[in-house]
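Numbered from 1 within each chain, the chains take letters A, B, ... in sequence-line order.
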Amino acid sequence: MSQAPITPSTPTASANETPFRYTAAMARDIEIAWQDRWEEEGTFNAPNPAGPWAEPEKVGALGQKLLVLDMFPYPSGVGLHVGHPLGYIATDVYSRFHRMLGKNVLHALGYDAFGLPAEQYAVQTGQHPRKTTEENMTNMRRQLRRLGLGFDNRRTFATIDEDYYRWTQWIFLQIWDAWYDADAVRADGAKGRARPISELVAELESGERAIPDGDGRAWADLGSTEQAKVLDGFRLAYTDEAPVNWCPGLGTVLSNEEVTNEGRSERGNYPVFRRNLSQWKMRITAYADRLADDLDGVDWPEKVKLMQRNWIGRSHGARVTFPVVLGTGETGGIEVFTTRPDTIFGATFMVIAPEHPLVDSLVPEGAWPEGTHDDWKGQHAAASATPKEAVAAYRLAASRKSEVERQTEGKDKTGVFTGSFATNPLTGQSIPVFVADYVLMGYGTGAIMAVPGHDERDFEYASKFSIPIVRVVAPTAEQADMPLTEWFVGDGVAVNSANDAVSLDGLGIDDAKARIIAHLEAGGIGHGTINYRIRDWLFSRQRYWGEPFPIMYDEDGVAYAVPEEQLPLTLPDVPDYSPKTFDPDDAQSSPEPPLSRVPEWVNVEMDLGDGRGLRRFRRETNTMPNWAGSCWYYLRYLDPANHDALVDPENERYWMARHAEPVAGAPAGTRDPGGVDLYVGGVEHAVLHLLYARFWHKVLFDLGHVSSEEPFRKYFSQGYIQAWAYTDSRGQYVPASEVREEPGKDGEPTFVWEGQLVNREYGKIGKSLKNSVSPDEMYDAYGADTFRVYEMSMGPLELSKPWEIRAVVGSQRFLQRLWRNVVDEETGAVRVADVSPDQALTTQLHQTIAGVREDYEGLRFNTAIAKLIELNNAVTKLDVPPREVVEALVLMLAPVAPHIAEEMWARLGHDGGVAYAAFPVSDPAKIVESQVTCVVQIKGKVRDRVDVAPDISEDELRELVLARDKVRAATANGIRTVIVRAPKLVNVVPL
RNA sequence: GCCCCCGUAGCCCAAUGGCAGAGGCAGGCGACUUAAAAUCGCUCGAGUGUCGGUUCGAGUCCGACCGGGGGUACCA
């Protein structure tokens, strides 16, 4: 490798007396030259132990492996702004640092190129999504290359590449062809794992496993359609007719995770309606426990773990059946889920959701029961003559309410008495059953026992409808009959909770729960259970720009996998790729996948080799959501050229290897899960992407395709760069770059645009706020290295920070000063000399090395840079920069500002470049200070200072300090205690 | 409403429970310049949102409150 310095840009102006100054133009020349060199030499190509690119001898020559990952970027049409690269710079600094420690570092970047925005952008511009997407990727590649990121460029790909989505489809088929056996034992002894569907079929055939709802029939007695239906009940990817989120404005259905609280689409903010449609789903609920439990083993921000746990929403409780007299007079039961089975004695009414299937059978014919409160009969007199009319009116009103209306109506409880009574199974009391929309069909059983004494919502409802409120928990047993002025959910003991068979009185909440669950189970009334908030993942979309499902249906509607050798099933070109558009408010519209308009693609004839000969099939016309491609991309980086497997198992084992030690803070006995060593990205994917990818990874683990149990061992959530935005008097945004700051009359700054005062706001960078700054502007004005240093020095990576273009010059000055310590601005001669730094500078150098190493490792780049600036400032004061210090500075700077570091390193006479040069090592023996200032405190306040030897003993120091005049004066009346922290501090406390 | 994070100088941010300041921006003064910009040198600057507690000692730990940001929301 030849690493000669590049030729400096020729002085343009004759008046230029400093042709070798580190200017933006100089930075550009240096940066582009080194970027070309890195690319030519494949500097950042990481060797693989196996697979098509196997270079085991190179792997062996390197130290440990390190797998670093950025969140898969979406190639947007407007290009990057300065906020986007923040995470990429951080991972690049981290990667470069670890390369200098001798590690085999894999850092690559691909593109998440399927999906709605790309398709919408294509529709807007009237071009094929592939064309616009590829143009966007080209632009983004250019912008990122100019930043000098050390990616292994051989490993890049896009999700739209046929070679990539072939494997996305292959993984889909693995999931489709698997079921979750909750009783199967995993290697680590825990229970529950995915198994191939063929093993299920074998169990069903042999009778080892009964056919659910099979009425005792044998597997062979079932027709192929029936068999397929049974298997669908097990498959981890399955179709199901169920209420889904239909978004006419986008022309597609959406997953729960893509719908906001307000019942609108996260993307585009269109209304979303509940529709019964047959859709593909992924049985993520089967993994709910593992997805929650295994968070203990990963090194993630607690905040993100909490968000995932909340999303999974595991709650322990009980299911209890309350006997009820149905409208017909027969006896039935209403099953409820409760997390507070200890309060069943306080259940004074029940509520079922308006959509609950039991509602019809609950409502009696004829008139209201004797003595029914008027306000139980509904709000509309015309419709409240009978329970039947009142309930029908209420259900209709509830069904018409949008999510928005339910939201805005807030907590004002509404509901109607069904006319039926249930029996509290513990008190034996008859309790009324209501229909009310504060109970949701989608959670638990869609019905609740209402305990107004100990639940806020039930209390509000009971108060409004004059229902008795009973106390069954009190802070102490003595307060058993203290009146309840509001619901009580605090800690306490059970009271008023006894019948002939069981008593909870006096028990704490947990003990009471345990005893009552045992009682319920013994009596067959109920059982302890775990409930989850998470629902199965709706996986199909009615769009063009996504992976086609490798599924086809025969004439009976039975689904078959497209044979593996036919993958990828490519996306056909369609005459019109734009989705069928609907009025966003048209709830009655139905999705129409664009692929269904291509009959020659949809209809195929094929011999599946199953002895049934050539048959006609109809392809699935839905496409996958763009989460699919981002669920496993990190695995493809490991072995992107592999045509035989999504990743060679040996490569996966190498790059995703489990660490010897579990992550810090993991519970005892936790085994390290393996996975990506560092994943940096924004918190906006905390639930969706990170949960979906974990789910897929666990399926692949169960099926033996990967050895790691988690995809992302360490995840770091970066903050955002935000920026000021300005609005004029009409509230319109004005271009932020044209706004000038001027001092106002009262000294407060004011902001002026084209002569008029404007208001300053703070927000996300973007086109809509007119405050976007592109990296290209930074390259032109300062160069990539300055831009990198600035972004890394703004503050802690996890914090959101304001972009302040004025401050960038500080980073440039730092690089200029360091450059000047190496290169004479006028002559271009190297300025360093082989002189020894003095004691103080040597100490500072080794302290800096130690500190910078720790800071880089801990992703504290802002403090690392501050230490480098400090050391450089010390060197700047010298007439002759000592080579030893300057070279260490250059090497330590290299991860952050690699181009200028390469250039200075070459000018300092080194071959081989800085990318793999050894990072400086701190020698503790060199950190010697001849004198240390010891602080003398009297009662904790600094009152004196004394210079002492660094190795002074505690006793010596105590004696020395107590002899000081100020101390003697303060301790004339005696000494209570003396705290000595040699050699830096002594605190004397007088009597 | 509930949960999480953050409040240090005009601004961005440092500070294993031990001298409140590492670094940067802005400001001021000076040098260079015919002048300006750029650059360089020097310099000014807060007692850590508020109140209380623990401690020999609190920016740091604990509690309450105030302000900002994020998540979530009738989840039984």
Just checking [X]: base, sugar-phosphate only, or nothing, at a heavy-atom cut-off of under 4.0 Å?
X        : answer
A:Gln816 : sugar-phosphate
A:Thr445 : nothing
A:Ser793 : nothing
A:Leu306 : sugar-phosphate
A:Ser800 : sugar-phosphate
A:Asp455 : nothing
A:Arg820 : sugar-phosphate
A:Ala807 : sugar-phosphate
A:Pro301 : nothing
A:Val935 : base
A:Val978 : nothing

Provide the distance between the two [atom1] atoms, one in [N] and one in [M], to the nearest whole Å.
N     : M     : atom1 : result
B:G23 : B:G69 : C1'   : 25 Å
B:C32 : B:G17 : P     : 49 Å
B:A26 : B:G70 : P     : 29 Å
B:U16 : B:C11 : C1'   : 29 Å

Nucleotide forming a Watson-Crick or wobble pair with [N], both distances under 3.5 Å:
N     : result
B:G63 : B:C51
B:G41 : B:C29
B:G1  : B:U72

base_contact_polar ([N] base, [X] side chain, donor-acceptor, <3.5 Å):
X        : N     : result
A:Lys984 : B:C19 : no
A:Gln937 : B:G18 : yes
A:Arg806 : B:C25 : no

Nucleotide [N], atom [atom2] - distance to [atom1] of [X] in whole Å:
X        : N     : atom1 : atom2 : result
A:Phe861 : B:G24 : CZ    : P     : 20 Å
A:Trp803 : B:C25 : CH2   : P     : 15 Å
A:Glu826 : B:C40 : CD    : P     : 15 Å
A:Glu804 : B:G27 : CD    : P     : 11 Å

Looking at [X], does any N or O in its side chain come under 4.0 Å of the phosphate oxygens OP1/OP2 on [N]?
X        : N     : answer
A:Arg817 : B:G24 : yes
A:Asn873 : B:G24 : yes
A:Arg981 : B:G57 : no
A:Asn862 : B:G24 : no
A:Arg813 : B:U39 : yes

Check your understanding: Under the 3.5 angstrom rule, does the side chain of A:Arg760 hit a backbone N or O of A:Phe751 as a donor-acceptor pair?
Key -> no
Review point. Below 4.5 Å, heavy atoms only, C-beta onward: do A:Val988 and A:Lys939 meet side chain to side chain?
Key: no
Exercise for review: Establish, yes or no, whether a centroid distance under 6.0 Å links the rings of A:Tyr790 and A:Trp803.
Suggested key: yes
Review point. Can the ring centres of A:Tyr461 and A:Phe349 be said to be less than 6.0 Å apart?
Key: yes
Check your understanding: Between A:Arg533 and A:Trp311, is NZ or CZ placed under 6.0 angstrom from the six-membered ring centre and within 45° of the ring axis?
Key -> yes
Check your understanding: NZ of A:Lys464: more than 12 outside heavy atoms within 6.0 angstrom?
Key -> yes
